[in-house]
Amino acid sequence: MAQYTRVSGSVGLITLQSPPVNALSAAVRQGIVDLMQRALSEPEVKSVVICGQNGIFCGGADIKEFGGQMSGPPLIPMIHAIEAASKPVVAAIEGIALGGGLELALGCHYRIAHSKARVGLPEVTLGLLPGAGGSQRLPRLIGVPAALDLITTGRHVTAAEALKFGLVDQITDHNTVNVAVKFAQRVADQPLDARRISTYPCLCPSDVAVLFEEVMQRVRRTARGAIAPIACVQAVRAAATLPYNQGMERERELMATLFTSGQARALQYFFFAQRAVGRWSMPSGARWDTSKPRPVHKAAVIGLGTMGRGITVALAQAGFSVVAVETQEKQLMEAKQKISGMLERGAKRRGVAPALDKINYGRNIQSVADADLVIEAVFEDMALKKKVFQQLSAVCKPSTFLCSNTSGLDIDQLACQTRNPELVVGMHFFAPAHVMKLLEVVYGPKSSPLAVATAMQLGKKIGKVSVAVGNCRGFVGNRMLKPYLEQALFLLEEGATPEFVDQVLEEFGFAMGVFRMSDLSGLDVGWKVRMADGLAMPDPTTGQPTRLRQGRRYSPLGDLLCEQGRFGQKTGRGWYQYDKPGSQVAKPDPWLHSFLDEYRARHALVAHRIDHQEVLERCLYSMINEGFRILEDGIAAGPEDIDVIYVFGYSWPRHRGGPMFYAATVGLNKVLERLEHYYQAHPDVPSLQPCHLLRKLVASGSPPIQKWREVIKKVRSQL
Ligand SMILES: C[C@H](O)[C@H](C)C(=O)SCCNC(=O)CCNC(=O)[C@H](O)C(C)(C)COP(=O)([O-])OP(=O)([O-])OC[C@H]1O[C@@H](n2cnc3c(N)ncnc32)[C@H](O)[C@@H]1OP(=O)([O-])[O-]
């Protein structure tokens, strides 16, 4: 929908009307076409202004329409008609002009932006490219290097940067529409040929071929298998090397390939999944829109180790006053230094003043007595955490929310240490806590919707993607990681090498394979947990490492490496060898290969040839199967929650949507059939036994992922 008004006598004002972001739906496009014709046909009208309702110009094409049959007037000819218009058309850009919204503005003859506006072509983040002339007009307007940067990264630029690029003609702090109307009156009689961007030559730097080669190499290196960034470079190259119409033809071809690709569907699913997790719910029926959060003005962090320091920085950078407590003097001094450094570097990157004054340091837990919310980040030991929660419950005001950054210990046990267990939730950050976007907000059976709402809102305010999940061992992320790690170890026992398993997972799109990741995070972290669980002990009768625990297959490979001090990067030896402790370049280690051969011989294991398919299926399907168990247990409300956790917390490749979306892409019946195949071969590995919910979904015809919540509800009600 769009509205037409005549203003100042001679200006036709076309206002896009489609809340919340005036996306270019079929109805909006039809409105623009009709009202442009009207404005051009009215003799009194000398010029036209296009703006958006509610202070937002346009969020681009309507992503909701991508899944269905496209109808209404197509974008490209609509924008061509505006560019070819006989009367000047001015875009009044407020809020945002993104994707097709910026392409619409590039079809106009002038662009006026509010100083707080942001513009960009983020199509690459949706697995697409600017397919309404943006890849051909933008390089002609701002030059190839800047256009390549904006189109391959999809980043939003400020109005000030856009003015510098020449992307907009003027910026204003005043009412942009009024300024645009006055501007339109001023240029009413100006010739327009020089304002039709498609007619501009595409000026290229002398080393343009070298530039394209460099950008293509960078994009291929960082894309991790995503195809859209590469197509974006190819589209801009067409602008640099072909006449406009041929370039547009090339843009259309590339867009057609991307539009129907699985990656575009995965990225568009993920766009909406990111928004869906904000609409959280709990098995009790409490929901995001019925549970009001309590404002948090003063926060506190207990324990300033790696995670505590990152959490303190994230809070201070977001403007919260923070009380940071570390009982050990030496650690406190070290933490002050590290935190100040992190704040200064972050502030420098963002061009703002470091929030050093936001933090008060202390050694005494008394100092957090008047905090609204406290995050405990002490060493991952239940006894220690229980003691801290008892102390906090004693010193803090009754209304204080007590949160734990534990990565998998029982939140309810911590809640039981306090006077107000309903105000206890987990806030599981991911290392480095001031960088990683993900936050698991963990509710126990006693946690109140108020506590969940407050933690979710705090997460959003410090720039995190927060996902509400139920309390269980490992919550969602680490619970699904266990079968994934387990399978990787079993594959080594059966003949694979760490390099091969990692290569397969990195080709799939993970930033790091499972063994390089273990070396980075330190093998001793998991070893200590397994020791605490009594798993890493040798068989009491033989004193030998055992490969069977409570009837379940167990691989002691990781324990054996740790017993030899091979903790990974930190000791220079782990699943790989490193030049020296702390170095990050992983090299295959002949010692480990012979260690694996000896291990297989000692346990009478016969190595067999393991191919890509087996690595992917066993590592990913066992993880996915655990995902279905988590949905069945109601620990996660929907598949979107799991997928957002894995993309933002465990570097699952975004262009594959997440583990659950990937399962839907592969086909649930295939996942079920393969799990049955591997479970038959490995009956002592329960994580391969297909989950009831998976069977149920396949039995009900493998409905699309958007329909899973209904099936989950039915399955849970039958439990
Ligand atoms: C030819 C052409 O070349 C191609 C093909 C294209 O043009 S492809 C499209 C290119 N455009 C984009 O990539 C921009 C995508 N949007 C955003 O980046 C952000 O939304 C935002 C604009 C910066 C606002 O952020 P926000 O944090 O203030 O609110 P929100 O929660 O994110 O969004 C508020 C609500 O608006 C919905 N929404 C936002 N943009 C939308 C869009 N383009 N289409 C449909 N719905 C959209 C969103 O789902 C949410 O709905 P709900 O959850 O409330 O039901």
Side-chain angles (χ1 to χ4, degrees), residues 16-29 32 52-68 70 72-80 93-107 116-138 147 150-158 228 231-232 235-236 248 251-252 254-261 263-265 267-280 288-289 437 456-457 459-461 463-466 638 640 644 654 706:
L16 310 188
Q17 297 178 318
S18 180
V21 296
N22 298 323
L24 296 165
S25 63
V28 171
R29 297 195 307 272
I32 295 171
Q53 193 183 40
N54 307 333
I56 290 184
F57 183 71
C58 178
D62 189 335
I63 305 168
K64 292 195 179 77
E65 289 185 347
F66 292 175
M70 297 297 275
L75 261 177
I76 293 172
M78 178 190 90
I79 295 173
H80 271 143
I93 300 173
E94 293 170 299
I96 43 129
L98 299 173
L102 181 57
E103 291 172 300
L104 169 63
L106 289 172
K116 289 204 173 64
R118 289 177 299 129
V119 301
L121 294 175
E123 284 86 345
V124 70
T125 64
L126 295 166
L128 304 171
L129 56 78
S135 73
Q136 302 307 303
R137 285 194 175 89
L138 191 69
L150 265 60
I151 292 175
T152 58
T153 62
R155 70 184 179 89
H156 302 179
V157 296
T158 62
C232 285
V236 177
M248 281 300 289
E251 177 191 281
R252 195 193 58 69
L254 290 163
M255 183 64 158
T257 316
L258 295 177
F259 205 78
T260 52
S261 73
Q263 293 193 4
R265 276 196 296 282
L267 287 160
Q268 285 145 34
Y269 157 81
F270 195 75
F271 174 84
F272 291 114
Q274 260 181 274
R275 281 135 188 96
V277 296
R279 295 189 281 271
W280 56 273
W288 63 285
D289 51 358
K437 294 275 285 173
M456 290 291 283
Q457 186 187 58
K460 190 162 186 179
K461 284 193 172 160
K464 302 299 180 192
V465 175
S466 309
E640 299 85 353
V644 167
R654 192 190 291 233
Q706 289 76 8

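Just follow the structure's listing: the first ligand is 1, and inside any ligand the first atom is 1. Computed from a predicted structure; not experimentally measured.
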| For ligand 1, is any non-hydrogen atom under 4.0 Å from Ile63's backbone (N, CA, C, O), its side chain (CB onward), both, or neither? | both

| request: Decide yes or no for Leu150 and Val119: does some side-chain heavy atom of the first lie under 4.5 Å from some side-chain heavy atom of the second? | output: no

| Sub-3.5 Å donor-acceptor pair from the side chain of Arg265 to the main-chain atoms of Thr260, do we have one? | yes

| task | For Pro130, take its heavy atoms, then give the atoms of ligand 1 lying under 4.0 Å from any of them. | result | 3 (O)

| field | Ligand-side contact atoms (ligand 1) for residue partner Gly60, heavy atom cut-off under 4.0 Å | value | 7 (O)

| field | Pair listing, side-chain hydrogen bond (donor to acceptor under 3.5 Å, both in side chains) test, anchored in residues 17-28, at least two apart | value | none

| field | Which residue and heavy atom of the protein sit nearest atom 9 (C) of ligand 1, plus the separation | value | Leu126 CD1, 3.7 Å

| said: For atom 29 (O) of ligand 1, is there a protein heavy atom at a distance under 4.0 Å? | reply: no

| Is the closest protein non-hydrogen atom to atom 40 (N) of ligand 1 under 4.0 Å? | yes

| Minimum side-chain heavy-atom gap Ile79-Arg137 below 4.5 Å | yes

| Given that the side chain starts at C-beta and the backbone is N, CA, C, O, which of these parts of Ala61 lies under 4.0 Å from ligand 1, counting heavy atoms, or is it both or neither? | both

| task | If you have a sec, work out which protein heavy atom is nearest atom 52 (P) of ligand 1 and how many Å separate them, to one decimal? | result | Arg279 NH1, 3.8 Å

| remark: Taken to the nearest 0.5 Å, the spacing of Met456 CE from Arg279 CZ works out to 11.5 Å

Anything under 3.5 Å between a donor and an acceptor, one on a side chain of residues 96-104, the other on a protein residue two or more places apart or in another chain? List them.
unit_1	atom_1	unit_2	atom_2	d
Glu103	OE1	Gly100	N	3.4
Glu103	OE2	Gly131	N	3.3
Glu103	OE2	Ala132	N	2.7
Glu103	OE2	Gly133	N	3.4
Glu103	OE2	Gly134	N	2.8

| said: Any heavy-atom pair between the side chains of Glu94 and Ile56 that's under 4.5 Å? | reply: no

| request: Test the Arg275-Phe271 pair against the cation-pi criterion, namely NZ or CZ under 6.0 angstrom from the six-membered ring centroid and within 45° of the ring axis. | output: yes

| request: Determine, using heavy atoms of Gly131 and all atoms of ligand 1, whether some pair is separated by less than 4.0 Å. | output: yes

| field | Donor-acceptor contact below 3.5 Å, side chain Asp62 vs main chain Lys64 | value | yes

| ligand 1 atoms in contact with Glu103 (distance to a heavy atom under 4.0 Å) | 1 (C), 2 (C), 3 (O)

| Considering only the protein, which heavy-atom contact is closest to atom 22 (C) of ligand 1, and what is its distance? | Ile96 CD1, 3.6 Å

| If you measure every N/O of His156 against every N/O of ligand 1, is any gap under 3.5 Å? | no

| task | May I ask you to identify the nearest protein heavy atom to atom 50 (C) of ligand 1, giving residue, atom name and distance to one decimal place in Å? | result | Arg275 CD, 4.3 Å

| query | Among protein heavy atoms, which sits nearest to atom 21 (C) of ligand 1, and what does the distance come to when rounded to 0.1 Å? | reply | Leu98 CD1, 4.5 Å

| query | Is there a donor-acceptor pair closer than 3.5 Å between any side-chain N or O of Gln136 and the backbone N or O of Ala235? | reply | yes

| message | Does the protein place a non-hydrogen atom closer than 4.0 angstrom to atom 26 (P) of ligand 1? | response | no

| said: Judged on heavy-atom distance to atom 11 (N) of ligand 1, which of Ala264, Gly59, Gly99 sits nearest? | reply: Gly59

| Protein contact to atom 15 (C) of ligand 1 [nearest heavy atom, distance to 0.1 Å] | Phe271 CE1, 3.5 Å

| query | Once you round to the nearest 0.5 Å, how far does CE of Met248 lie from CE of Met255? | reply | 10.5 Å

| task | Work out which heavy atom in Thr125 is nearest to a heavy atom in Thr153; give both atom names and the distance. | result | CG2-O, 4.4 Å

| Arg118-ligand 1 polar pair, N/O distance under 3.5 Å | no

| Per-atom contacts, ligand 1 versus Lys64 - under 4.0 Å to a heavy atom | 46 (N)

| If you measure from CD on Gln274 to CZ on Arg654, what distance do you get to the nearest 0.5 Å? | 5.5 Å

| field | Ligand-side contact atoms (ligand 1) for residue partner Phe272, heavy atom cut-off under 4.0 Å | value | 49 (O)

| query | Between Phe66 and ligand 1, which part of the residue brings a heavy atom under 4.0 Å of the ligand: side chain, backbone, both or neither? | reply | side chain

| Got a second to check how far Leu129's CG is from Ile151's CD1, nearest 0.5 Å? | 8.5 Å

| task | With heavy atoms under 4.0 Å as the rule, classify the contact between Leu75 and ligand 1 as side chain, backbone, both or neither. | result | side chain

| request: For Ala26 and Gly72, work out which heavy atoms get closest and say how close. | output: CB-CA, 4.1 Å

| Distance in Å, Gln263 CD paired with Leu126 CG, rounded so as to fall on 0.5 Å steps | 12.5 Å

| said: For Leu24, which part has a heavy atom under 4.0 Å from ligand 1: side chain, backbone, both, or neither? | reply: neither

| Closest non-hydrogen protein atom to atom 38 (N) of ligand 1, residue and atom name please, with distance? | Val21 CG2, 3.9 Å

| query | Should you measure from each heavy atom of Asp62, which atoms of ligand 1 turn up under 4.0 Å away? | reply | 44 (N), 45 (C)

| field | ligand 1 contacted by Met255 (non-hydrogen, < 4.0 Å) | value | yes

| Who's the nearest protein heavy-atom neighbour of atom 34 (C) of ligand 1, and how far? | Pro20 CG, 4.1 Å

